[in-house]
Amino acid sequence: MRYENVCLESLGYVLPDEVVSSAEIESRLEPLYTRLRLPAGRLELMTGIRERRFWPSGTMPGSVSVQSAELALNKTGLARHQIGALIHASVCRDFLEPATACGVHHRLGLPHECLVYDVSNACLGVLNGMVQIANMIELGQIEAGIVVGTESSRPLVETTIDRLNRDTSLTREQMKLAVASLTIGSASVAVVLTHKRLSRTGNRLFAAAARANTAFHALCQSETDQASAAMQPLMQTDSEKLLHEGVALGKETFEAFLTEARWTRDRIDRTFCHQVGVAHRRLNLQSLQLNPANDFSTVEFLGNTGSAAAPITLALGFEQGQLQPGNQVALMGIGSGINSLILAIDWQQAAVASPIPAPHGQFVTAGSPRASV
């Protein structure tokens with residue numbers, strides 16, 4: 001996939017206030033740890049994740065998506081009537097029906113002509129949404145669009161803790177299938193894409209490559225598929241097998257990506273990847289023969305934030321001065337299923353850091369400092 005007319009115009013994100021450490025999760029797992037004689041500290045040691053964040057109990061994903069979308073939209077200079085598509089793309093959503101995008105569209109005051117729907121594809125949802133909006137812009141169907149998603153980790157983590165403590169038949173090997181669920185964090189992110197003639201940033205999204213290996217679709221799947229703030233999901237993940245098969249698919253995708261972007265490895269200045277854990281990051285970059293010094297990581301303090309992970313890492317990297325004019329950026333994702341998607345961005349605006357703390361809600365837009373709401 002190649003694009004001549006698409007720009008990544010802005011990113012908006014919101015993070016929860018409540019920080020939950022891996023040590024705190026282990027303290028809540030004391031019955032399990034005592035029974036299986038597990039050493040304290042193993043969760044952070046195995047994953048590299050020291051903390052993640054939770055929304056308040058009962059938070060609906062769509063309500064937070066409205067906030068991050070507002071932050072992204074308000075920094076573009078676009079009128080609401082110019083938005084031709086809204087995609088809600090996280091794993092978490094308000095209801096099975098209607099689409100969470102409908103409520104977000106209504107509260108944002110977007111036009112009746114706007115395409116409105118949900119996309120769900122595990123950790124790739126937001127990146128998939130970006131490609132769909134880019135396709136519509138390139139085809140001349142719309143001038144601008146927004147993809148937004150909010151992941152909520154509290155229900156999954158708390159349900160997993162409860163089950164691990166109650167099921168006294170679980171062995172150490174069976175417990176491993178639940179470790180991935182304990183790494184999940186909450187976050188919300190929105191991305192606005194525009195036609196280049198409307199862009200004030202010139203940050204061109206100009207290529208993408210995707211691959212799928214669905215022979216391994218069962219390596220990570222939920223036992224109970226529910227949607228709403230009161231959901232009580234359970235997941236089983238063969239983390240080791242998923243790690244190796246995901247990295248293998250990522251390598252295949254990356255080779256196709258280099259061809260599509262017409263790049264060599266040394267042309268890539270910065271990488272921003274889906275954040276799973278330190279072992280995944282290390283093996284993935286090693287497999288792709290990419291310099292870890294050029295990669296920005298958030299997994300240590302956000303955990304795995306699902307579909308929000310790659311774009312919110314890009315936003316945070318921007319805020320922390322990781323992007324300069326002319327940087328060639330690879331935005332990379334691998335999601336259960338297994339799917340892989342990589343986007344090429346020609347970044348044209350300098351990052352401007354701000355000392356203003358913004359723990360509640362933040363925007364990041366090319367050429368602007370961050371601010372809180």
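Keep in mind that this is a model prediction, so the values were computed, not measured.
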With a 4.5 Å limit on heavy-atom distance, are the side chains of Leu86 and Val104 in contact? yes
Counterpart residues, side chain to side chain donor-acceptor pair (under 3.5 Å), relative to Glu255 (two or more places apart): Arg265
Distance-only side-chain donor-acceptor flag, Glu9 / Thr201, under 3.5 Å: yes
Determine, step by step, whether Phe254 and Trp263 satisfy the ring pair (Phe, Tyr, Trp, His ring centres under 6.0 Å) criterion, reporting the C-alpha distance in whole Å, the side-chain angles of both residues, the deciding distance to 0.1 Å, and the verdict. CA-CA 11 Å; Phe254 187 68; Trp263 280 352; 9.1 Å; no
Pair Thr271-Asp295, side-chain donor/acceptor within less than 3.5 Å: yes
Can you tell me if Ser68 uses its side chain to pair, donor with acceptor, with the backbone of Ser65 under 3.5 Å? yes
Ile137 side chain near Tyr3 side chain, heavy-atom distance below 4.5 Å: no
Lys/Arg N to Asp/Glu carboxylate O, Glu138 vs Arg2, below 4.0 Å: no
Can Thr150 and Arg93 be counted as having a side-chain donor-acceptor contact under 3.5 angstrom? no
If you define the side chain from C-beta out and look only at heavy atoms, does anything of Ile133 sit under 4.5 Å from Met136? yes
Any sub-3.5 Å donor-acceptor pair from Thr159's side-chain atoms to Leu156's backbone N or O? no
Please identify each residue that fulfils side chain to side chain contact (heavy atoms under 4.5 Å, CB included) with Gln132, with sequence neighbours left out. Ile87, Tyr117, Val119
What residues, two or more places apart in sequence or in another chain, satisfy side chain to side chain contact (heavy atoms under 4.5 Å, CB included) together with Ser63? Thr59, Met60, Arg107
Are a donor atom and an acceptor atom from the side chains of Glu151 and Ser307 found within less than 3.5 Å of each other? yes
Nearest 0.5 angstrom please: Leu285 CG to Asn294 CG, how far? 9.5 Å
Any non-hydrogen side-chain atom of Ile268 less than 4.5 Å from a side-chain atom of Gln328? no
Please determine, by modelled atom types, if Gln286 and Asn284 share a side-chain donor-acceptor pair under 3.5 angstrom. no
Which value, rounded to the nearest 0.5 Å, describes the distance between Gln82 atom CD and Thr76 atom OG1? 8.0 Å
So, Ser153 and Ser186: side-chain donor and acceptor under 3.5 Å apart, yes or no? yes
So do the side chains of Leu108 and Glu70 get within less than 4.5 Å of each other, counting heavy atoms only? yes
Is there side-chain contact between Leu8 and Val191, with heavy atoms separated by less than 4.5 Å? yes
Tell me whether Thr194 contacts the main-chain N or O of Ala144 through its side chain, where contact means a donor paired with an acceptor under 3.5 Å. no
State, with a plain yes or no, whether a side-chain heavy atom of His274 is found less than 4.5 Å away from one of Ile334. no
Hydrophobic cluster identity match, Val6 and Ile146, side-chain contacts under 4.5 Å: no
Going by atom types alone, do Gln322 and Arg270 pair a side-chain donor with an acceptor below 3.5 Å? yes
Given side chains that start at C-beta, do those of Thr313 and Leu302 come closer than 4.5 Å, heavy atoms only? no
Test your reading of the model: is there a side-chain donor-acceptor pair from Gln275 to the backbone of Cys273, 3.5 Å cut-off? yes
Within the 3.5 Å criterion, strictly below it, is a donor on Tyr13 or Gln67 matched to an acceptor on the partner's side chain? no
Go through the side-chain N and O atoms of Glu30 and Ser27 and say whether any donor and acceptor fall under 3.5 Å apart. no
Could you walk me through whether Arg42 and Glu26 pass the salt bridge (Lys or Arg N to Asp or Glu O under 4.0 Å) test, one step at a time? CA-CA 9 Å; Arg42 65 182 280 120; Glu26 287 188 324; 5.8 Å; no
